[in-house]
There are 2 protein chains.
Amino acid sequence: MADGHRALVGTVTEAARVLCDWGSTRLRAFLEVGGIVSDRRDGPGVAVAGGEPPARILASVLAPWRAAHRLDRVFLCGMAGSRNGLVEVPYVRTPAEVQAWRRGARRAPAGDIEVSVAAGIATENFHGAPDVMRGEETQIFGALRLDRQLARGCRLIVLPGTHSKWVLVRDAHIARFQTCLTGELFDVLCRHSSLLRAGDGLEAGEEGFEAGLRAGARGDLLASLFEARAAQLIGGRTPGWARAFLSGLLISAEVAGMARALESTAGEVTLIGEPALAALYLRALTDRGITAHALDGDRCVLAGLHELAAADERG
Amino acid sequence: MADGHRALVGTVTEAARVLCDWGSTRLRAFLEVGGIVSDRRDGPGVAVAGGEPPARILASVLAPWRAAHRLDRVFLCGMAGSRNGLVEVPYVRTPAEVQAWRRGARRAPAGDIEVSVAAGIATENFHGAPDVMRGEETQIFGALRLDRQLARGCRLIVLPGTHSKWVLVRDAHIARFQTCLTGELFDVLCRHSSLLRAGDGLEAGEEGFEAGLRAGARGDLLASLFEARAAQLIGGRTPGWARAFLSGLLISAEVAGMARALESTAGEVTLIGEPALAALYLRALTDRGITAHALDGDRCVLAGLHELAAADERG
């Protein structure tokens with residue numbers, strides 16, 4: 001009986017693995033036991049770790065799981081592979097398909113754990129300038145795994161966020177992409193500019209967002225930005241209205257600018273991201289007559305990390 | 001001899017007056033003796049005064065001059081007339097000509113000095129949204145005093161700065177204007193965003209500025225902004241290049257956005273501002289085939305404060 005119980009525990013323990021999306025602002029770690037996500041823990045992003053060695057942060061996030069399971073491998077994507085991450089993983093260049101990306105991963109010790117860290121992707125953007133991603137490629141390869149339709153022909157995938165990515169996928173290869181500063185700019189303007197008066201709240205958010213969407217389509221972003229301030233100074237608007245206006249304005253300006261750049265790309269757009277954010281982008285795209293559908297970002301990143309783990313476990 | 005000397009000093013003292021441009025970030029005070037600027041002193045802006053009462057800041061800036069002169073009147077424009085300034089002066093609404101603007105000024109005691117503070121102007125911008133200026137109207141009325149040609153017909157005047165103003169002047173009236181966040185956004189991005197890596201210097205500034213000018217004309221500002229970061233990450237560019245790129249990008253995007261908004265406005269553009277900054281805007285305008293000439297911002301603000309002082313001394 002005692003041996004039987006120990007064998008059972010041993011079996012469960014054997015199948016446990018950890019999948020991590022470690023970005024600039026947040027570490028999200030998923031524990032999979034028997035192929036099923038059974039727990040999730042968050043930690044600080046690579047950019048906000050405040051000088052603490054990444055291996056130590058990872059160890060402390062994993063500690064409760066290690067007490068209960070034998071975790072012999074951890075799979076990571078995102079800024080974990082940057083210069084300030086666990087191990088610097090060179091970028092794979094476009095056009096990049098999933099095999100080349102998997103081969104680009106690096107194994108490394110992190111304290112007493114062995115980790116596999118995914119490569120980022122480097123490209124020339126739609127204007128021939130250099131551009132990079134770390135993390136979004138994992139969501140994209142995950143989406144291709146989840147929806148085989150996406151792997152056929154030419155597709156435009158948009159991943160909204162701190163640094164939004166507009167990605168052309170051609171025959172299952174990441175062909176080319178461009179990054180927009182949208183999320184970071186929203187954050188910097190809310191925290192450090194003169195655009196929002198003291199006070200906050202979300203009153204009139206819907207109305208402000210709509211007004212921002214309309215303004216963003218005009219193509220004079222630097223002028224429209226100031227309207228957020230003037231609306232509070234003499235237009236009777238609240239900081240909540242202005243904050244929503246900024247959100248709508250920036251999303252709409254991103255979509256307008258990129259839609260112009262990508263006029264040649266017909267067909268439906270695939271959004272990958274956090275559902276509430278993807279919903280805002282869906283509205284901005286629909287306003288321009290662009291058809292789109294959204295995939296959940298967490299599902300995609302887990303599917304992408306499964307691609308990484310499957311290759312690693314085979315190799 | 002002694003009496004003759006005292007009489008001479010008395011005459012000089014009688015004619016001394018102080019003209020101030022008190023903006024968000026800086027106070028610039030000019031001492032005029034016998035109609036000629038004989039000294040200049042700077043102080044903190046209204047937004048950076050750190051809670052010190054504006055009247056006390058003004059008194060300390062003027063103190064050395066008061067030791068030598070009898071200053072019975074001080075004329076101010078800019079944020080001195082805002083809620084956080086010396087005295088809140090209501091906005092004059094467009095269309096606004098110089099007489100209505102002068103009537104809008106407020107006299108007030110500031111400690112033991114009497115001050116006259118100019119009104120700002122409120123408008124509906126080119127999209128019908130509220131917009132405001134405090135200080136630029138003084139430069140504009142000064143420019144109209146210096147160059148009577150500007151007072152005829154329809155003119156487009158651009159005042160680059162923290163909050164750039166694009167102003168339609170029709171038959172010597174400020175008819176309508178729009179503000180762009182350009183200068184503030186440049187500052188906020190340089191200090192608070194991920195776009196500039198550590199290190200600085202002005203190496204490759206010219207090349208970066210040119211690249212920024214080209215990128216800004218494309219109409220996808222949020223995408224172009226990220227190029228500053230990627231150029232340092234994998235393009236071998238320095239922080240100095242990237243800083244100049246951002247400057248060229250934002251100026252060019254401002255000009256492109258406003259030129260689209262103002263397609264109907266033919267004719268030469270008048271720039272009013274600090275000469276080094278105006279030179280950058282001249283290049284961006286010329287790149288778009290727009291003819292422009294520049295007037296010195298200090299000369300214009302002094303001429304505008306003369307308009308204010310003349311009315312006041314008559315009244």
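Below, chains carry the letters A, B, ... as their sequence lines are ordered, and counting in each starts from 1. Side chains included, hydrogens not; waters and symmetry mates left out as well; all remaining heavy atoms used.
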Please identify, among A/D131, A/V132, A/L225, the residue contributing the most non-hydrogen atom pairs under 4.5 Å to chain B. A/D131
Which residues in residues 278-287 of chain A have any heavy atom closer than 4.5 Å to a heavy atom of chain B? none
With rounding to the nearest 0.5 angstrom, report the CD to CG distance, A/E227 to B/N125. 4.5 Å
Run the side chain to side chain contact (heavy atoms under 4.5 Å, CB included) test on A/L222 and B/M258 for me, step by step, so that the C-alpha distance in whole Å, both residues' side-chain angles and the decisive distance to 0.1 Å come before the verdict. CA-CA 9 Å; A/L222 289 163; B/M258 293 307 295; over 6 Å; no
Chain A shares the most heavy-atom pairs under 4.5 Å, among B/A223, B/P130, B/A231, B/A230, with B/A223
As an exercise, state the distance from CZ of A/F126 to CZ of B/R218, rounded to the nearest 0.5 Å. 11.5 Å
By a 4.5 Å heavy-atom criterion (distance strictly below it), what part of B/A253 contacts chain A: side chain, backbone, both, or neither? both
Closest approach of A/A122 and B/I234, non-hydrogen atoms and distance? CB-CD1, 4.1 Å
Please list, in residue-number order, every residue in residues 178-193 of chain B that has a heavy atom less than 4.5 Å from any heavy atom of chain A; write 'none' if there are none. B/Q178, B/T179, B/C180, B/L181, B/T182, B/E184, B/L185, B/V188, B/L189, B/H192, B/S193
What part of A/S194 is in contact with chain B, defined as an atom under 4.5 angstrom from a non-hydrogen atom: side chain, backbone, both or neither? both
Name the member of B/E254, B/R83, B/H127 that forms the most heavy-atom pairs with chain A at distances under 4.5 Å. B/H127
How about A/R170: does its CZ atom have over 12 heavy atoms from other parts shown lying under 6.0 Å from it? no
Comparing B/A211, B/G219, B/S224, B/S164 against chain A, the one with the most heavy-atom pairs below 4.5 Å turns out to be B/G219
